[in-house]
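Let me begin by presenting the structure, written as structure tokens, before commenting on it.
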Amino acid sequence: MTIDLEQHIDANLIPILEKVHDPEIPVLSLMDMGVVRSAYLKDDVAYIKITPTYSGCPAMDVMGEDIIKAFADMNIEAKVSLVLSPAWTTDWITPKGRKALEEYGIAAPLEENADKEALLGNKKIVKCTNCGSTNTKLVSQFGSTACKALFQCEDCLEPFDYFKCLK
Amino acid sequence: MKNENLIQYIYGIADNALILGQRLSELCGHGPSLETDIALTNMALDLLGQTRSYYQYVARLTGDEKTEDDIAFLRIERQYKNVLLVEQPNRHFGYVITRQFFFDVFHLLLLQELQNSKDETLSAIAKKGIKEVSYHQRFSSDWMKRLGDGTEESHQKVQEAVDDLWRFTDELFHLTEDDKEAIETGIGIDVTNLKEKYNKKIKEILEEATLTIPEIKWFQKGGKQGIHSEHMGYLLADLQYMQRAYPNMVW
């Protein structure tokens, strides 16, 4: 099986796709999330393929509807389909997206090995989004959505979400 | 391989995710603490998400004669091919965790093999699922250790759960006729090969948790043939109620 790791996105469609945001993390556009795998126009119809972050992520259905609406606003008909392979990874979140996450109060995912250490509570490496301290502790491996874990800063006491590394 | 065999093979995997997902969803709002409540329902969500991917594939294999909802909600008990382990009811938290742990270890081993399936869709679903199930296993293993090596009461309760649920684990490694056919075509996984690794992992965690595996010679089986325990009917009554009462409803 050949796995196509490249995104194939018609540059003209990017401004429209950038208007669509993750309904649960509104600071991230779908482009920042890296969930759009291909987008092209054929016979005046936009064909968009997105990949789910987590299998059961309820935001995917909403994203699909929001894409159709964003294109409809430009008088373009859009057809959205879901692809499972290659599986989404947090590496696809863009640098702009990571910055937006941090500003919004969600710690961006660490590298895979560091993430494991953090989630097992072995090392204090997740940075508090409020004061920047790494004196933080894991409260729960599962947070308010499937993609996040819950942390608390032991210096400023701020509770915050950490976007789990997914590879 | 005929479509019907492939469909049955997929049910053997997907129905476990659906039924365990349903059991975990029952705990929504009833977890012992906010964090564990959220964790259990997060895992339910992952499992139901995986179920949807499998059932959408089955729907395509039926030539769109059926939808994913028909497959989830409108089969009768004998047509569900999940193992008995996952349909066992929620009792106390230690029981839920033990059931989860016994299944997670198997589930991860299965998906790690299934990602090499010749069937591209199953391989893609497995690759996605591995990432999620690794988290589940980490969570349930962690709690086995906390409860087993915790207080006298938590130790006793979780040991009782191990003693009660261990008899359902052997069925995980049984092969049905559909499994055998799927293995021959390079689509299916020979689960008998996973047993050794499974036992090793279970033993390792239980030892750390100061828990012991009961010595029993007779194991329960039947789910893979559609012969379920008495709990399954009640579970399906809950699961199917809306579609049965209001056919074709959507939300």
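Just so it is clear: chains get the letters A, B, ... in the order the sequence lines come, proteins before strands, and each one is counted from 1. Only heavy atoms go into these numbers, but all of them, side chains included; no hydrogens, no water, no symmetry mates.
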Parallel, tilted or perpendicular: rings of A/Phe142 and B/Phe139 (30°, 60°): perpendicular
Candidate pair A/Ser55 and B/Glu132, rule side-chain hydrogen bond (donor to acceptor under 3.5 Å, both in side chains), full reasoning: CA-CA 8 Å; A/Ser55 301; B/Glu132 296 159 358; 3.1 Å; yes
Under 3.5 Å donor-acceptor, B/Lys128 side chain and A/Pro86 backbone: no
Greater than 12 external heavy atoms within 6.0 Å of A/Lys124's NZ: yes
Non-hydrogen side-chain atoms of B/Asp46 and A/Tyr54 separated by less than 4.5 Å: yes
Chain B contact via A/Thr145 - which portion, at a heavy-atom distance below 4.5 Å: backbone
Under 4.5 Å from any heavy atom of chain A - which part of B/Leu48: neither
Chain A interface, residue from B/Gln56, B/Gln50, B/Lys118 that has the most non-hydrogen pairs under 4.5 Å: B/Gln50
Atom pair CD1/OG of B/Ile125 and A/Ser85 - distance to nearest 0.5 Å: 10.5 Å
Presence of salt bridge, B/Lys131 and A/Asp115, under 4.0 angstrom: no
B/Gln79 atom CD, over 12 foreign heavy atoms within 6.0 Å: yes
Donor-acceptor pair, side chain of B/Lys127 and main chain of A/Leu84, under 3.5 angstrom: no
Chain B contact via A/Val83 - side chain, backbone, both or neither, heavy atoms under 4.5 Å: neither
Residue A/Asp73 excluded, over 12 heavy atoms near CG under 6.0 Å: yes
Short side-chain to backbone donor-acceptor contact, B/Asn42 and A/Gly143, under 3.5 Å: yes
Which portion of A/Cys165 sits near chain B, non-hydrogen atoms under 4.5 angstrom: backbone
Interatomic distance, B/Ile38 atom CD1 to A/Lys148 atom NZ [nearest 0.5 angstrom]: 11.0 Å
